[in-house]
Colleague: 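So that we are looking at the same thing, I have put the structure below in structure tokens.
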Amino acid sequence: MPRLAVYALVVCLLAVAAAVVSFVQGSVLIGVVWILLAGLSSNMTWYYVRRGRASGNGDPAPR
């Protein structure tokens with residue numbers, strides 16, 4: 001998996017966790033913002049994965 005895809009996936013998971021915490025604490029508006037950020041980063045993850053597969057450079061060769 002390309003490095004940028006991994007970073008975007010980490011951001012997505014952190015945003016989901018932040019959304020859950022926000023909803024539990026009662027901040028619905030902030031929770032919605034975190035959900036939107038999670039959706040954006042999820043789309044970025046898929047974009048970078050598909051771009052990496054299309055170019056044939058999935059993972060760099062180990063050194």
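Given the structure is predicted, the values throughout are model-derived calculations rather than measurements.
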Colleague: Apply side-chain contact (heavy atoms from CB on, under 4.5 Å) to Y47 and list each qualifying residue two or more places apart in sequence or on a separate chain.
Modeller: R51

Colleague: At their closest point, which heavy atom of G52 faces which heavy atom of P2, and how far apart are they?
Modeller: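 Looks like CA-CG, 4.0 Å.
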
Colleague: In terms of hydrophobic clustering (I, L, V, M, F, W, Y; side-chain heavy atoms under 4.5 Å; direct or indirect links), are L4 and M1 co-clustered?
Modeller: no

Colleague: Indicate if Y7 and Y48 have the same hydrophobic cluster label, given that clusters are the connected sets of ILVMFWY residues with side-chain heavy-atom separations under 4.5 angstrom.
Modeller: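 Cluster IDs for Y7 and Y48 match.
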
Colleague: Using the rule that two of Ile, Leu, Val, Met, Phe, Trp, Tyr join whenever any of their side-chain heavy atoms come within less than 4.5 Å, decide whether L9 and V11 are in one cluster.
Modeller: no

Colleague: Please list, one pair per line, the donor and acceptor atoms closer than 3.5 Å that link side chains of residues 19-43 to other protein atoms, with sequence neighbours excluded.
Modeller:
unit_1: S22; atom_1: OG; unit_2: A18; atom_2: O; d: 3.0
unit_1: S41; atom_1: OG; unit_2: C12; atom_2: N; d: 3.4
unit_1: S41; atom_1: OG; unit_2: L37; atom_2: O; d: 3.1
unit_1: S41; atom_1: OG; unit_2: A38; atom_2: O; d: 3.1

